[in-house]
Asker: 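A single structure is presented below for examination.
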Amino acid sequence: MHTSIPNKKYSGGDEVLRFLLNRLGQSAILLLIVTIITFFLINLAPGGPASTMRMDASPEERQAMVEKLGLDQPIHIRYIDWITNALKGDLGVSFTSSEPVVQRIAERLPYTIELTVFTIILSITIGILFGVISAIKRGKAQDHVINFFSVLGLSVPAFWLGLMLILLFSINLGWLPSSGVGARGADFNFWGWISHLIMPVLILTTTVLPNIVRFTRSSMLEVISQNYIRTARAKGAKESIVLYVHALRNALIPVVTIIGVLIPRLLSGAVITEAIFGWTGIGTLILEAARGRDYPLVMGVTVVITVVVVLCNLIVDLIYSRIDPRVKNV
Amino acid sequence: MKTKKWRFMSVILVFFLLLAGCSYGGDSSNSSGEQSEGEGTGSDPKKGGKVSIPIVADPTFNPWHPNAYAESNVVNRVLFSGLTQPGKDLAPSPDLATKWETSDDELEWTFYLRDDVLWHDGEKFTAEDVAYTFNEIVLNAELGANNSSYFQKVKEVQVVNDYEVKFIMESPVAALPAYLSFNTEIVPKHIFEGEDPWELTSFNKVNPVGTGAYKLKSYTSGQSVVLERNDDFYGDVGLLDEIEYKVLPDVNTHVAQILSGELSIFALDDLASIERIEQAEGVSVFGRETPRFFWIIVNHEEEKYQDKRVKQAILHAIDRQNIIDTVLKGYGTIADAGIAPALEEYYTDDVARYDYDPEKAKELLAEAGWTDTDGDGIVDKDGEPFSIDFKIGIQGDLEAVSQMVQQYLVKIGLDVKLNAMEWNAMIQDVVVNRNYEMSLNWWRYPADPDLSAYMHSANVKGNNIPHYQNPELDKLLDQGAQTSDVEERKKIYIEAQKLMAEELPYIFLWYPQEAQVRIDKLKGVPDLAFGDALHYIHEWYIEE
């Protein structure tokens with residue numbers, strides 16, 4: 001989502017402002033298109049709220065449901081209603097629980113943020129470390145081992161690994177709780193909290209970490225073959241300074257991009273991981289919404305996720321121009 | 001050369017990892033799976049402890065709410081009480097009502113209520129609550145309350161005095177006390193009056209007030225519902241301190257959690273992992289009869305299915321015992337009519353039976369005019385091949401069963417195309433639009449033999465999905481529905497079962513048994529299906 005023109009000089013604040021306004025305008029249009037597509041897709045999908053009723057519901061019961069939810073109105077009228085309310089900040093009321101959609105999302109979002117923060121911290125620290133090792137020891141045993149586990153992490157499906165971890169740590173060893181988020185509020189205790197976090201964070205890390213490792217590695221390899229690194233070595237700089245000051249700093253620029261892509265992916269809810277571990281975040285909410293044909297909830301979650309993705313991209317672009325003065329946003 | 005060596009080592013490593021994953025759990029197989037109830041061995045029931053029960057989604061604490069599905073039923077059954085409840089023999093037994101009687105013309109039912117019942121907020125329960133629940137919620141057609149179709153024949157509910165109500169009927173319904181025991185709990189008038197019962201979120205989602213043995217302690221959306229003992233309960237006060245319902249959408253998690261002791265009891269739908277549970281220590285599986293039957297339906301609006309020989313041929317073609325043994329792991333018995341053995345009083349197996357006999361099936365098809373004239377392996381009639389669009393919803397073991405059925409039907413020369421659809425899409429197509437030719441599913445019904453809803457011609461727009469019409473069966477079903485004398489009813493329903501087995505309004509497959517999974521420490525659970533046993537949760541206890 002970023003554009004770069006390397007040959008212009010960086011020139012002050014109002015261009016940043018213009019860039020921001022420009023991007024926000026684009027984002028608004030994007031958001032509108034996403035909501036239209038989502039709205040029509042879910043409404044046109046076979047089955048509707050009336051079909052999620054128990055199978056033996058009578059035709060009268062189904063009809064009452066349809067009327068109560070206003071689904072007897074034509075679809076474009078319903079969309080206009082929805083978007084008008086949404087612009088006023090009202091995302092409607094969940095079909096299945098009759099609670100405001102905003103409230104339902106606000107209840108769940110903190111849990112997903114929790115999972116994301118831990119996963120990202122763990123992935124970045126280990127990922128960059130392993131990426132660098134892998135690059136420096138290119139072709140050696142360390143590189144192969146790291147490479148092997150990266151591929152393994154990318155290819156093992158999360159649901160399988162999740163169930164295996166539950167089998168090992170919860171059933172056979174009995175060390176960790178197999179699901180839930182642990183007691184909150186008055187009954188909160190530190191170990192209870194951490195013990196519930198371990199397995200889901202581990203699973204998410206195995207899917208995120210390899211990306212960071214591989215990006216760091218290839219970026220690092222590219223940088224250390226550059227002329228200025230050779231120059232740095234030639235002028236007699238210590239190898240560690242060459243690597244960690246000269247090389248790594250530049251190698252991390254592309255890594256920022258990939259992290260910017262991974263964060264919204266995690267924030268939009270790791271559906272499978274959250275479902276397996278009964279983690280009550282956005283992922284399980286998406287599942288409930290889709291399963292229950294809860295149109296307002298589906299729309300609400302879609303809006304929130306789109307906003308998160310747009311914002312993350314924007315932030316990445318801004319950071320980008322900070323760490324690499326050659327990159328300028330227009 | 002170096003890379004080659006590494007590649008080899010990697011392959012070995014992967015192999016070991018996979019092996020480690022697969023061989024898991026093979027060595028804990030020393031306890032017997034099914035064991036007899038351990039009631040006799042233990043000490044006396046004692047107070048304390050809690051049980052954990054899985055539910056797949058957030059519940060709605062209002063038994064009549066159109067969004068109150070199975071996950072809500074198991075909670076509401078404990079929070080609230082009905083006028084009657086399923087007895088340990090499944091016949092309706094007293095709950096909020098101590099006794100009931102019907103007038104000679106059976107158009108008036110009088111229910112005598114307990115006078116010692118308090119709502120969880122301390123208010124007194126009276127006949128007004130019953131009248132409100134029915135007149136304002138259940139009988140209000142605009143609301144489309146859950147299960148309200150069972151009460152279509154109820155005109156109104158009259159308050160006689162504080163502890164006596166009259167149900168005024170349009171026509172006799174012998175099953176009324178049974179219907180009143182099935183997800184038809186009473187809600188408090190003093191909270192609902194003047195409110196839209198579906199929009200009252202402060203009750204339905206936050207703070208339900210019932211009359212049951214346990215009351216709400218805490219509820220966290222997406223996580224858990226915790227109930228605590230109601231010390232003012234009108235019956236025997238509960239032994240367990242707490243009932244915890246954990247919201248766990250994934251069924252694999254249920255299995256994992258009961259094996260790790262984090263769950264106490266549930267009914268297992270997908271039997272794929274049953275062996276692992278049967279072998280585990282400290283957990284047992286019990287087969288329980290339930291009023292359910294699995295069926296194949298054909299659309300009787302299509303001419304070819306109006307010939308009963310075609311349906312009989314389909315039944316002869318399917319090796320039902322094999323499906324029960326393999327997919328259901330033995331948890332089921334072959335069905336020949338709709339009334340399940342769970343209803344001991346009414347069930348009979350003295351009806352026409354259809355053994356697995358593909359040759360017989362082919363003969364019946366030939367008698368009906370369907371033979372393979374062009375040698376393409378598919379039977380045809382008047383130049384039309386017999387092809388079937390077989391639509392099912394993906395849930396539990398329906399897909400596995402349907403694939404086997406498809407194979408069996410192909411063997412007798414039917415060209416069956418299986419179309420496994422997402423559940424809601426199937427409901428839309430098959431149940432709502434009736435756009436189907438063949439489908440496979442099951443019914444669960446209240447503990448009463450009245451199956452009118454599913455096969456009476458008056459209900460072809462309702463749950464008579466196969467669109468079956470037979471005046472003879474209608475007559476028997478009407479008689480049965482209107483006769484409250486049990487001996488008389490037995491005769492009628494035995495007759496009806498013989499007719500069902502012969503005419504096949506549904507192609508009956510089997511009566512599944514519920515596979516009830518339970519930790520051994522949990523005692524006092526009556527020998528009933530899980531849903532019915534919940535009515536007796538105040539008798540459950542934990543033995544350390």
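Protein chains get the first letters and strands the later ones, always in sequence-line order, with residue 1 at the start of each.
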Asker: Between B:Ser221, B:Ser149, B:Ala68, which has the largest tally of heavy atom pairs under 4.5 Å with chain A?
Answerer: B:Ser221
Asker: Heavy atoms only, distances under 4.5 angstrom: which of A:Glu288, A:Arg62, A:Arg108 has the most pairs with chain B? Name it, please.
Answerer: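 Of A:Glu288, A:Arg62, A:Arg108, A:Arg108 has the most heavy-atom pairs under 4.5 Å with chain B.
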Asker: Hey, are B:Ser452 and B:Asp450 close enough side-chain-wise for a donor-acceptor pair under 3.5 Å?
Answerer: yes
Asker: So, B:Thr220 side chain and B:Gln223 main chain: donor-acceptor pair closer than 3.5 Å or not?
Answerer: no
Asker: Show the nearest heavy-atom pair for residues B:Tyr445 and B:Arg292, with the distance to one decimal.
Answerer: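 So the minimum-distance heavy-atom pair works out to CE2-N, 4.2 Å.
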Asker: Give me the ring orientation class for A:Trp175 and A:Phe169: parallel if the planes are under 30° apart, tilted from 30 to 60°, perpendicular past 60°.
Answerer: tilted
Asker: Heavy-atom cut-off 4.5 Å, strictly under: side chain, backbone, both or neither for B:Leu143 against chain A?
Answerer: backbone
Asker: Locate the shortest heavy-atom distance separating A:Leu204 from A:Ala270; write the atom from each residue and the value.
Answerer: CD2-CB, 3.3 Å
Asker: Considering only residues two or more places apart or on different chains, which pairs with a residue in residues 193-205 of chain A satisfy side chain to side chain donor-acceptor pair (under 3.5 Å)?
Answerer: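 For residues 193-205 of chain A, and leaving out neighbouring residues, the side chain to side chain donor-acceptor pair (under 3.5 Å) pairs sorted by first residue read A:Glu114-A:Trp193.
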Asker: Strictly by modelled atom types, are B:Tyr454 and B:Trp295 linked by a side-chain donor-acceptor pair under 3.5 Å?
Answerer: no
Asker: Specify which of B:Ala141, B:Ala145, B:Ala70 makes the most heavy-atom pairs with chain A at under 4.5 Å.
Answerer: B:Ala145
Asker: How about residues 199-208 of chain B versus chain A: which residues have heavy atoms under 4.5 Å apart?
Answerer: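 Within residues 199-208 of chain B, the residues that come under 4.5 Å of chain A (heavy atoms only) are B:Glu199, B:Thr201, B:Lys205.
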Asker: Pick one of side chain, backbone, both or neither for B:Asn140, based on which atoms fall under 4.5 Å of a heavy atom in chain A.
Answerer: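 Answer is neither: B:Asn140 stays 4.5 Å or more from chain A.
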Asker: Is B:Trp423 in contact with chain A via its backbone, its side chain, both, or neither, using a 4.5 Å heavy-atom distance?
Answerer: side chain
Asker: Would you mind checking which part of B:Tyr150 comes under 4.5 Å of any heavy atom in chain A, side chain (CB onward), backbone (N, CA, C, O), both or neither?
Answerer: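 Just the side chain, heavy atoms under 4.5 Å.
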Asker: On the 0 to 90° scale, with breaks at 30° and 60°, tag the B:Tyr219-B:Phe61 ring pair as parallel, tilted or perpendicular.
Answerer: perpendicular
Asker: Could you tell me which of B:Asn459, B:Asn146, B:Asp58 has the largest number of non-hydrogen atom pairs under 4.5 Å with chain A?
Answerer: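 Looking at each option in turn, the highest pair count goes to B:Asn146.
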Asker: Under a 4.5 Å cutoff for heavy-atom pairs, which residue among B:Ala256, B:Gly393, B:Ala57, B:Pro59 has the most contacts with chain A?
Answerer: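 Looking at each of B:Ala256, B:Gly393, B:Ala57, B:Pro59 in turn, B:Ala256 comes out on top.
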Asker: Given the options A:Ser97, A:Ser178, A:Ala64, which has more heavy-atom pairs under 4.5 Å with chain B than any of the others?
Answerer: A:Ser178
Asker: Is the side chain of A:Thr112 donor-acceptor paired with the backbone N or O of A:Leu267 at a distance under 3.5 Å, no angle test?
Answerer: no
Asker: Check each atom of A:Phe159 against the heavy atoms of chain B and say whether the ones under 4.5 Å are side chain, backbone, both or neither.
Answerer: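 No part of it gets close to chain B.
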Asker: Under a 4.5 Å heavy-atom cut-off, does chain A meet the side chain of B:Ser148, its backbone, both or neither?
Answerer: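 Contact with chain A is through both the backbone and side chain of B:Ser148.
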Asker: With a 4.5 angstrom heavy-atom cut-off, which part of B:Glu262 approaches chain A: side chain, backbone, both or neither?
Answerer: side chain
Asker: Look at A:Gly180, A:Gly162, A:Pro177, A:Gly278 and state which one has the largest set of heavy-atom pairs under 4.5 Å with chain B.
Answerer: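 Option with the greatest count: A:Pro177.
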Asker: Quick one: side-chain contact (heavy atoms from CB on, under 4.5 Å) partners of A:Leu109, sequence neighbours excluded?
Answerer: A:Ile113, A:Ile282
Asker: For the pair B:Asp250 (side chain) and A:Ile272 (backbone), establish whether a donor and an acceptor sit closer than 3.5 Å, ignoring hydrogens and angles.
Answerer: no
Asker: Tell me, please, which residues at least two apart from A:Ile42 pass side-chain contact (heavy atoms from CB on, under 4.5 Å).
Answerer: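 Per chain and number, A:Ile42 pairs via side-chain contact (heavy atoms from CB on, under 4.5 Å) with A:Tyr295, A:Val298, A:Met299.
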Asker: Non-hydrogen atoms of chain B under 4.5 Å away: do they reach the side chain of A:Arg291, the backbone, both or neither?
Answerer: both
Asker: Do other residues, nucleotides or ligands put more than 12 heavy atoms under 6.0 Å from A:Arg138 CZ?
Answerer: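 No, because the 6.0 Å sphere around CZ of A:Arg138 holds 12 heavy atoms or fewer from other groups.
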Asker: Does any N or O in the side chain of A:Gln142 come within less than 3.5 Å of the main-chain N or O of A:Lys137, such that one atom is a donor and the other an acceptor?
Answerer: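 Not at all, since once roles are kept as given, no pair shorter than 3.5 Å links the two residues.
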Asker: Under a 4.5 Å heavy-atom cutoff, which of B:Met421, B:Lys246, B:His65, B:Glu422 has the most pairs with chain A?
Answerer: B:Glu422
Asker: By a 4.5 Å heavy-atom criterion (distance strictly below it), what part of B:Asn67 contacts chain A: side chain, backbone, both, or neither?
Answerer: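 Contact with chain A is through the side chain of B:Asn67 alone.
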